Structure formats: structure tokens, C-alpha cells
Number of protein chains: 4
Amino acid sequence: MKRVEKKTSRAERKARRPDEILEAAFEEFAAKGYAATRVEDVASRLGITKGTVYLYFPTKEVLFQEMFRQASTSSADLSTAIGSLRGSCADRIRGLLLISYESTANDRKTRELLRLSLAEGTRFPEAVDFYHGKFIAPTLAALTALVEQGVKSGEFRQDAAAHAPDVLASSIFHVAVWRLMFAGRKPIDGKAIVEAHIDLVMSGLVQRSGRRY
Amino acid sequence: MKRVEKKTSRAERKARRPDEILEAAFEEFAAKGYAATRVEDVASRLGITKGTVYLYFPTKEVLFQEMFRQASTSSADLSTAIGSLRGSCADRIRGLLLISYESTANDRKTRELLRLSLAEGTRFPEAVDFYHGKFIAPTLAALTALVEQGVKSGEFRQDAAAHAPDVLASSIFHVAVWRLMFAGRKPIDGKAIVEAHIDLVMSGLVQRSGRRY
Amino acid sequence: MKRVEKKTSRAERKARRPDEILEAAFEEFAAKGYAATRVEDVASRLGITKGTVYLYFPTKEVLFQEMFRQASTSSADLSTAIGSLRGSCADRIRGLLLISYESTANDRKTRELLRLSLAEGTRFPEAVDFYHGKFIAPTLAALTALVEQGVKSGEFRQDAAAHAPDVLASSIFHVAVWRLMFAGRKPIDGKAIVEAHIDLVMSGLVQRSGRRY
Amino acid sequence: MKRVEKKTSRAERKARRPDEILEAAFEEFAAKGYAATRVEDVASRLGITKGTVYLYFPTKEVLFQEMFRQASTSSADLSTAIGSLRGSCADRIRGLLLISYESTANDRKTRELLRLSLAEGTRFPEAVDFYHGKFIAPTLAALTALVEQGVKSGEFRQDAAAHAPDVLASSIFHVAVWRLMFAGRKPIDGKAIVEAHIDLVMSGLVQRSGRRY
DNA sequence: TATGAATGAGACTTCATTCAT
DNA sequence: AATGAATGAAGTCTCATTCAT
């Protein structure tokens, strides 16, 4: 294959190779799934040959696993963002969900990892564990903590504590799944939905003098 | 292969064959995805051979498409159930969502169709269209109608009309996706979550004298 | 591939396939060694394709092992022949060695198995065990028994008992190795050598009248 | 790769490289055969890389051929040793066979060259010629000369002259092949066998007093 | 109708060889 | 001189599809 950039030194190229390959692998696996992706397709994306891919990753399986690991890790760290939230529990929940939306439903990479988790979970259970540990668990844990705090402080209804975290998180999945299914064919305003969801759920969550619907 | 049931006549068997095969195909495709499923795996499930499958379906692709079509169609018809709802808009929405939950998130078959839509959508866009037409569109359309009616009648907040249908449907996606990802490994009480979700969103949706949180 | 014989029924063909393939595998492996033989070469010999070979043998390794096993087993059974020997110990030893010569050094198949044992013994230790069990052990065991008997009866020298079996068997290895190395390029009269060897070992090279050399 | 010996000068190292490589190649080819040996395996033995091997040998084939040539040549020169034999023909034959045993059956390197000759003879006929020219031909030629001389002088039987050289040499092949096949798994006392063989061939297995068997 | 032997295209993986550094 | 990244031909094995029985 032809040299793309003359300036890049061999050492630099070599240092970047694994990440480049992982990146290309992400694109291919996300687009076609594990089984339907050929190692050569991954290589072609970079203008290299399949042999070169095998220089860095011993098998297609490992390539997939490393790709998933890297893609999960390269995304913005939720925990950090979660730590910087301020305000009332309601405020913090809103902030948390918006962060979570941005990193999970609105971020193409994370969205595709969700697809891969669903599609390849049988063959790669660790991928699902990764996804859970990186995206789902932190959000739910933080939501649970905030909801409990809100209940304790009397800010939230007592009875809602049990399922509120799942309820709160659901619009994020909704938007993510929608986009995975319909790509650009049926566009939705994800942020507006998530905000409306927060708004509506919060109205219900917050203690009120009046009675229910 | 040995005859499984002696009583079934040849003609009966023959008449059922296509459906049996589609059923077996569903199981295999759901478990392994399109590319990783072998036509022989499908046949083995029925104790027949590859060749017989090709007697009824010309290619693996067609087998997948027919399987998807049949699996979508065999499920309970949402529209009928929707038509039988009675009561206030809130009541009918609650009823609708519970029906939708049962047929979408709580029904293994429909859940796996969601997985396949996400996993194979690139290769089989019609599958996605099917899924949308059969499960998503009817629910959203009915929700939209009910919300609009509720807004008109003053039962619901005006401003929430725009995104309420998506918000209301979210927990169903949430539960469906959760179960697809974690199977039995992280069980959730789907119905309770959906009900809590309805409860909380309704509290927010319903017109109230008091102010917001 | 074209049908070679119209008369052969499918079932007959199928029944013979494994042995045919093993036979072809023997020829290829013997000629080129394990690593240098392609499964396709084996198939081509029969006018079939590699896929067919994999219908009967799961891997090239198994093909080799089965081939070796079959080739060892298909050869004439030494033990039977050994049992039918009659006469003095010397007569029986002569008879035994001639049988052994015929089946080991003079039989192309067995000879090639010796080559494969030597060439592929590292990768296939069971092959060596097979060869030993089928060709070497029976001959040496019978020789040992006959020599012991001859020593007991006073027919043979006492002091020679220890190594006589190995000494007696030597010329067979000699002829076998020679033919493996030089094929037709340096022909030898194997039988004459083995007979001369028997003769000399029995009676001695040195002139009879006087004392030893 | 790290420098193995600090004291060795660059020039010295360079001068030795070809031989080092051939030595490493010998070990690898002997252990795995030509086709199963990777050039990189050879390099690794020396702590160098593939590329370096190609600096000295243009192809794997040439590497094998040069290795075989060098390994054959590096062994003790039979002809010299043969020339220094003294005594009766029987004595000289005994001496010759013991020398031949030491250099052929008892010397690991020569033994492995025999294996390679048998295993790779098809692909490398020159290897076989080398082996013959270096180890077999000199021994047989000397044996032939000695036997002829012994027959002429009346020391040996007339009738045995024709095949005696082959007969005399056979125990050496026997021991060599045995060791190649069974390595340490079935140890034999090679020298004792060769000596017993010489003894028996010279004097005969059969008791001396009477006539032949 | 059903079988399953056979095919052959195609995918993964290996490795001899090259060559820029 | 030495490296080792890169190539690409080649080999093992799989599997959708065909077709004679």
C-alpha cells in the first residue's frame, strides 16, 4: 500500500497502529457485527493488509474484545462528571441524566457499543459486563444514591424510591435504541425527550400537597 | 431421522413444516445472529436435514426475512387490544402501556425481534420496518392520540403533549433492553418498573393546582 | 468432478470413501511429509475436492493419524505368520526374518510408514508407537524367544543371546533405510542381503577350520 | 536483542554468524523438519531476528542446503580414520565399523542428518547425495576393499564376499534408526549391539564343532 | 418429500520474504 | 549490519447451496 503521509516516522506509525486498528475495527464491527466483519475489511480501512492486523492482534476474537474494551474506556468518564454535580437532588438528578444522555444516547460510539452488547452478548459476555460497568452501573448507582437522599430529606415521595432510578434512566435507553434502529430515517430530538421525561417524572417524584391523578 | 410423533400424518407434518422451520430459525437467529447461524443448526433443531430447509426456503436470507415476518405477525395484535381500552385518558394510557409491556418487553419473542432489529438492521432494513410497524408505531400512535385527547379535554398539561408519548413508552424499552442484555443474570421486576414509571409520569402529566418541583 | 464409474452406487461410493481418502493421504504424506502436504492434494488424487475430505476427517492431523493407523493395520499380520513357523530354531529364525523382510523392508507401504515415523515422530508420537507395536515389537519378541530357545537347547552360543535379536534384525532396517533413501537410484538386492546376513550371522564370516578371527 | 557476550568483538561475531545460523538451523530443521520450521525459529535461537538470517542466506531452501552441507562436513572425516587402520582384515573391519558407529549412529548430528535425508529426500535430493557421499559410501567402499582382501588372502569365506559389506554395515543403521525413532524412550546399548554384530558375523551364531546349520 | 454427499467460494491465520529505518 | 513492520501468497477449515438418490 502507498505511504499516506511521508512525514510520519515509522516509530510514530507503529505506536499508533494498535489504536488505529482498534478504531477501524470498531467501525466495521459496529456496522456489520462480529461474524460478518472480515479482518481484511478492518485492514482496508487503514490502507494496510490483513497480515498487519495480525501483527498486533492474534485473533479476530481478541481484536473484538480489545476494541470493545478500548471503545468503552476511551469515552468520557461518567464518574468524574457525576462527582461535580451541585444543587438539590432534583437538580443533580437532572444534571446526571443529561450527562448520561450525552455520553450514552447521544454519543455515537457508546450507542454502537450498546448495539454490539445486544448483538454479540452471547459470544462475548465480557462485552456486556464492560458496557454495564462503564455506562449503566455508574448512572444507576448515582441515581439510586440521589433518590435515596431525596427521599430521606423529604424532597421526594417515599413510595417511589424503589424503582425511580430505573424509571429515570429509561428515556436514555429509549433514545439510544431509537437511534440505533432508525439511524437518520426517523430522527428524534433526543435531548428534548430526555428533558421532558425528567420534567414529567420529577413532577411525580416530588412531594406534593394535593392528591394523585 | 426418526419420526417424532407417530400420530401426525404425513400431510399434517408437511403442512406445518414451513412454520416449524421458521420457528427453529427464530431460535437460532435470535441466539447467534444471522451470520453465525448455520442453516444446518436450524435443521438440527427439528431433526431434519439442511436439504429439507432448502425445500421450503430458497436461501438463508429469505429464511431470515420470512422468519422475521412470521415472528412479528404471530404475536398478539396490539391494535385489537388497543381498541378495547376504556376509561379516562390516564386509565387508557395505563392500560395501553401494560398491554404494550406484555407484548413487547415481557414477551420473549418480541424481545428477541428487537435484538435482531438492532443487530441485523444494516443487512435487513425491512426487519426494522417490520418491527416498527408492528410494535412501535401502533403504541406510539395510540399514545399520541390519547395524550392529545387528554390535553384537549384538559386532563393533561398542555406543554407536555409534544414528547409525552416517547416519555411514556420509555420504560418499555428500558425493560426490554435490560433483559436482552442481562438475560437472567440481573433480573428486574419489569412490570413494577413500568407501573412505577406510569405512576410517576402521570403525576407529572396530570393538571395540578400546585406548582412544579 | 466427473463421475468416474457410472455403475458405482452412491452408497457404495460413500462406504469406500474413508478408505480411499486414507489411501490417498498415505501417498501424499509419504511423498511430501505432513507439513508439506495440502489437504487439497489428497483430494485431487481422488478427483474430489477438499471439502469432501473434511466430510470424513475433521482435521488434517486426524487424517494423518487415521491414515497411519489404517496403513499399519492393513498390512499383513506378522503374528499369524510367526505362529506358523516350523523346524529348528535356526530354521525358524530364518523363516521369521524372511517374513519380516517381506512385510517390512520389501513392502512399500510399511517402508513409507518407517519414513513417516522418523520424519513426523516429534509431532505424532503415537505413530511411532504404532509402528513399533505393529512391526518392531512382534519381530523382536519372536526373535528373542527363538534365540533363548536355541541357547537353551544348545543349538546357539551362550554368550550371544543378549544382543542376537537386534543383530539378526539389523539387515532388515538396513535394506528398508537404503530403499527409503535411494529409492530406485541405487538398487540393492534386499532379499539376498537379508539371506546373506542370516547365513553369516548363523555361521560366521571367518573360515571354519581354525580358531576364531 | 541484547548482546549475549560483551567481549566478542563485532568483527568476530560477524565472522561467526553464518556458522551460528547454520547450527541453529540444524537444530530446528532436525526437530521439526523443513516445512514446519520457521525462519524466525532459527533466528530466535540466536537472539537475532529473521531479517538477519536473510542477510546471510537468500532463502529458506538455501539455508537448509547449506546447513546440511555444513553439518555433513563438520563431522569427523571418515576417510582419514579409515586410513589409519592396522592389523588383519578382521581387525581392520572391526576398527572400521566401530569408527563408523561412533560417527554415524552414536553421533547425534549425523543421526539427525539421516533423519533429514529420509524425511526431506524428496525435496532435497542433494541432501541424500551428501549423506551418502560423506557417511555411507566411504564405509561401504572400505568394507568392500577389506572383505575382498580377506577373501583373496583366504581369511574369509569366498561365497560371502558379495553381500558382506552390507551385512557388516547393517547394525549401524539399526542402532541409528532405533535411536531416531525412540530417542530416550527405549534406550539400547548401541556399541554392544554393534560389537555383538561384528562378533557374530565374523564367527557365527551356530555352535562350532559340527557342520553348518 | 427428504436426504446428505459433494462442491467451491470465502474466511481466518501463518509465514517466507522484502525493505525502510 | 541489524531490525522488525509490512506484505501477500498459500493453507486450513467452514458452510451456503446443489443435486442425485
Side-chain angles (χ1 to χ4, degrees), chain A residues 1 3 6 9-15 17 35-43 46-61 63, chain B residues 1 3 10-11 13-14 17 35-43 46-63, chain C residues 1 3 6 9-11 13-15 17 35-41 43 46-61 63, chain D residues 1 3 10-11 13-14 17 35-43 46-63:
Chain A
M1 294 297 112
R3 207 79 8 198
K6 272 287 179 198
S9 86
R10 194 162 218 236
E12 286 169 328
R13 190 124 212 109
K14 156 105 204 261
R17 270 284 138 82
T37 293
R38 297 180 309 147
V39 173
E40 187 155 23
D41 296 336
V42 175
L46 299 170
I48 61 180
T49 62
K50 51 185 159 32
T52 304
V53 175
Y54 281 95
L55 235 40
Y56 296 90
F57 303 95
T59 65
K60 191 181 163 188
E61 280 212 333
L63 177 61
Chain B
M1 295 293 117
R3 209 78 11 189
R10 192 168 229 238
R13 186 132 207 100
K14 179 189 158 187
R17 265 286 140 80
T37 292
R38 299 179 310 149
V39 173
E40 187 154 26
D41 296 336
V42 174
L46 301 170
I48 61 177
T49 61
K50 280 197 301 266
T52 306
V53 174
Y54 279 93
L55 239 39
Y56 297 91
F57 304 95
T59 65
K60 190 183 166 188
E61 282 212 334
V62 169
L63 177 61
Chain C
M1 295 296 114
R3 204 83 5 202
K6 273 286 178 200
S9 86
R10 194 164 219 234
R13 188 127 213 104
K14 157 106 205 262
R17 267 285 137 80
T37 294
R38 298 180 309 148
V39 173
E40 188 155 24
D41 296 337
L46 300 170
I48 61 179
T49 62
K50 55 185 156 36
T52 304
V53 174
Y54 280 98
L55 235 40
Y56 297 89
F57 303 95
T59 64
K60 189 183 164 188
E61 281 212 333
L63 177 61
Chain D
M1 297 294 116
R3 209 76 16 182
R10 191 167 230 238
R13 186 132 209 103
K14 180 188 159 188
R17 265 286 139 83
T37 293
R38 300 181 309 151
V39 173
E40 188 155 24
D41 295 336
V42 173
L46 300 171
I48 61 176
T49 61
K50 284 198 296 272
T52 306
V53 174
Y54 278 93
L55 239 38
Y56 296 91
F57 303 95
T59 67
K60 191 183 165 188
E61 283 212 333
V62 168
L63 177 61

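Treat the numbers as computed from the prediction; the structure is a model and nothing was measured. Just so you know, these numbers use all the heavy atoms, side chains as well, and skip hydrogens, waters and symmetry mates.
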Taking the side chain as every heavy atom from C-beta outward, state whether [X] and [Y] have any pair of such atoms under 4.5 Å apart.
| X | Y | answer |
| --- | --- | --- |
| C:F57 | C:V39 | no |
| A:Y56 | A:L63 | no |
| A:L55 | A:R17 | no |

Report the distance from atom [atom1] of [X] to atom [atom2] of [N], rounded to the nearest whole Å.
| X | N | atom1 | atom2 | result |
| --- | --- | --- | --- | --- |
| C:L63 | F:dG11 | CG | C1' | 14 Å |
| C:F57 | F:dT14 | CZ | P | 15 Å |
| B:K60 | F:dT14 | NZ | C1' | 11 Å |
| C:L46 | E:dT7 | CG | P | 10 Å |

Counting only Watson-Crick or G-U wobble pairs whose two distances fall under 3.5 Å, which nucleotide matches F:dT12?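 Check on F:dT12: paired to E:dA11, both distances under 3.5 Å.
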
Could you tell me the Watson-Crick or G-U partner of E:dT21, where both distances fall under 3.5 Å? Say none if there is no partner.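 Pairing partner: F:dA2.
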
Counting the atoms with a prime plus P, OP1 and OP2 as sugar-phosphate, which does A:Y56 contact under 4.0 Å by heavy atoms, base, sugar-phosphate, or nothing?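 The answer is sugar-phosphate, as A:Y56 gets under 4.0 Å only of primed atoms, P, OP1 or OP2.
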
Closest nucleotide of DNA chain F for B:G51 versus for B:A35: which of these residues is on the 5' side?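 Between the two, 5'-proximity favours B:A35.
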
Would you kindly compare D:L55 and C:R38 by the position of their nearest DNA chain F nucleotide and give the one closer to the 5′ end?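 Result: D:L55.
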
Closest nucleotide of DNA chain E for A:E61 versus for B:V53: which of these residues is on the 5' side?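 The residue mapped nearer the 5' terminus is B:V53.
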
Nearest-nucleotide comparison on DNA chain E, the residue closer to the 5′ end among D:Y54 and A:E40: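 Final value for this comparison: A:E40.
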
Could you work out which one of [options] sits closest to the side chain of [X]?
| X | options | value |
| --- | --- | --- |
| A:T59 | F:dT7, E:dT13, F:dT12 | E:dT13 |
| A:K14 | F:dA5, E:dT3, F:dT7 | F:dA5 |
| A:K50 | F:dA9, E:dT3, F:dT17 | F:dA9 |
| D:R17 | E:dC12, F:dT7, F:dA2 | F:dA2 |

Does C:K50 come within less than 4.0 Å of C:E40, counting only side-chain N to carboxylate O?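 Salt bridge: no.
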
Does D:T49 make a side-chain N or O approach to OP1 or OP2 of F:dT3 shorter than 4.0 Å?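 Yes, within the criterion.
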
Distance test, side-chain N/O of C:T52 to OP1/OP2 of E:dA5, below 4.0 Å: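 No.
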
Check for a donor-acceptor pair, side chain of B:K60 on one end and backbone N or O of B:T37 on the other, with a separation under 3.5 Å.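 Checking the backbone N and O of B:T37 against the side chain of B:K60, a donor-acceptor pair under 3.5 Å is found.
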
